[in-house]
Amino acid sequence: MSRRTNPRISLTNLTKNYGKSRGIRDVSFEVFPGEVFGFLGPNGAGKTTTIRTLMGLIKATSGSASILGMNALESSPELRKRIGYLPGVFATYSNYTALQFLRFVARMRNVECDDLIFNYAERLRLDLHRHIHDLSKGNRQKVGVIYAFMHKPDVLFLDEPTSGLDPLVQREFERILNEAQARGASIILSSHVLSEVENLADRIAIINEGEIVVVEHISTLKEQAVRRIDLYFESAINANSFAGVAGLTEIVVDGEVAQCTVTGSERELLRAAVNHGVMTVHTHEPSLDEIFLTLVKSSHPQ
Amino acid sequence: MIIALYLKMWRDHWRSLLSWAGVAVLMVSIQMSVYPSIAKSGKGFETFLENYPDAIKKIFRMQDYTTGPGFLSTELYSMMIPLILIAIGATWGASATAEEEEKGTADLLFAFPISRVRIVVTKMAATVTVIAAVGILAALNILLLKSHVHLEVDGPHLFAATASCIATGLFFSSLSFLAGSLTGHKGASLGIATGLALILFLIYSLEALVDTFDGIAPYNPFNWALAGNPLFDGLDSVGLLKLVGSSIVIGALAVGYFNKKDISSQ
Ligand SMILES: Nc1ncnc2c1ncn2[C@@H]1O[C@H](COP(=O)(O)OP(=O)(O)OP(=O)(O)O)[C@@H](O)[C@H]1O
Ligand SMILES: [Mg+2]
């Protein structure tokens, strides 16, 4: 990803009201060529709404969006030709076999991509000759993955793509995604879970209640994140021994166990712990919720 | 038109299409096989019918019942065939966009690099052809059997009646396209189109009896289709034009609205 290039995808104050109820408000971010962009938020935050607006499936209330230099809100066939889209709930024509369905897709897109279909199917361990209504949820999702990638799109919108995939297949999915990225595709990857995108995405946006909370590099976010660390000592210790340790925001001591909350680097705390003869360190990786809560708190100070 | 999508619609409906076409063929064949006994009773039957109340004769359009055109008109062309074509047309229309929205497949259909207008128009084209095909099938069935059962009917008149039935099917299928586009629900779309068809047909049937329905007659598509008696008098071009013209207007409204709307997902 290079900041010197122009953004592939650019949203400016994109807003969608569903009648009275909230959809998204003033969503703005940019995605660059060859970038995987994580799009995170809790249920009902507005991830799907944003993506479906970019696909032209629903009409924006206000704001603007451009993709590949074209107006995304007019969503021309010419633009959709270069986009791959995996819906959050991938419903397909279940009276087809996977292969029949994917060939139908190829005809509708006017592309010839049998080779790629078979290649992906083998890698994802999908039996192309089974009827879609006989496939399990995860196997159906594989059909969706192939559907999104098979025409080598320049832009990909993947709405919770790994839901239902087992870990082995998830790994293969990540490889397929990396190949697309290496080809220069711009990819928006939505998820509830930071851990799902952190190995893939460079930057993420967090959306909550329809509004963007932050757009940031993952590494930067993690540094800022609040973490819980449990320290197990040989014998009972005193909380006062950790007074003034940089980054430590809270400490609760119960006999020989200390539960600490840390923001940013853990280094100072660990150093102090070693000095006091720590035996075991138990780190709770920051969950999306925790990062998210910190960010919401810091973005809306009372 | 998009060939792959056009063919898909036929494929998706082939089972129900086969049964409707089967019903049409069966009904035509059964009616045709009854005709010789009706014709034989000839004058006797006519006098028997004389005793029917006028109202009943009017409702069932029983004039010249024992002649070929009279028989076909009463038994097939003033109710059964139009209703079959309406049922097929409304089913295809309701599935076109509403079922896709309801099942959530609209998200992938309308993500293809094809404009919404072209997609819906392709589905309309498929619907027009299927209605026409079944209508023509019924007419061919009659032509095939008519000499066997000594039923006399003028070929062009039969096709004029077929054209009216096809146009009636079109009218109500365009209504189901519109209702599907507006509501996004297959059941609602099917219900509105077939429900209206049944009510309007009832009104048309009772027109002869109920004076208050006279005001509706000029706007009733069944009047446009049937009142001209195409089996006796040949093509009713004004009625046909009204049916086709209003179908096109309703179809255009359906496409126009669908093109602007938010597509619903699961
Ligand atoms: N068709 C609709 N009509 C009215 N409100 C809607 C509609 N679709 C979504 N919403 C509302 O818009 C908001 C955003 O929903 P959206 O589906 O975009 O969230 P999401 O981030 O994708 O959530 P999830 O993680 O559960 O998929 C929610 O409050 C939801 O209730
Ligand atoms: Mg969603």
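- Both the backbone and the side chain of A/Tyr93 have a heavy atom closer than 4.5 Å to some heavy atom of chain B.
- Of all non-hydrogen atoms in B/Ala111 and A/Met55, the two that sit nearest each other are CB-CE, 3.6 Å.
- Here the CZ-CG distance, from A/Phe101 to B/Leu108, works out to 5.0 Å after rounding to the nearest 0.5 Å.
- A side-chain contact (heavy atoms from CB on, under 4.5 Å) with B/Pro113 holds for exactly one of A/Met108, A/Arg109, A/Glu78, A/His151; it is A/Arg109.
- Residue contact with chain A, scored on non-hydrogen atoms closer than 4.5 Å, involves the side chain of B/Ile2 exclusively.
- Residue A/Arg107 holds its CZ atom at 8.0 Å from CG of B/Leu7, rounded to the nearest 0.5 Å.
- Shown here is A/Glu122, whose CD atom has no more than 12 heavy atoms of other residues, nucleotides or ligands within 6.0 Å.
- Here A/Asn95 contributes atom CG and B/Lys8 contributes atom NZ; the two are 6.0 Å apart, rounded to the nearest 0.5 Å.
- Contacts between A/Arg82 and chain B at a heavy-atom distance below 4.5 Å are absent for every atom of the residue.
- Under the salt bridge (charged side-chain N to carboxylate O under 4.0 Å, His left out) rule, B/Asp262 has a single partner from A/Lys16, A/Lys59, A/Arg52, which is A/Lys16.
- In this structure, OG1 on A/Thr92 lies 9.5 Å from NZ on B/Lys103, to the nearest 0.5 angstrom.
- Residue contact with chain B, scored on non-hydrogen atoms closer than 4.5 Å, involves the side chain of A/Tyr147 exclusively.
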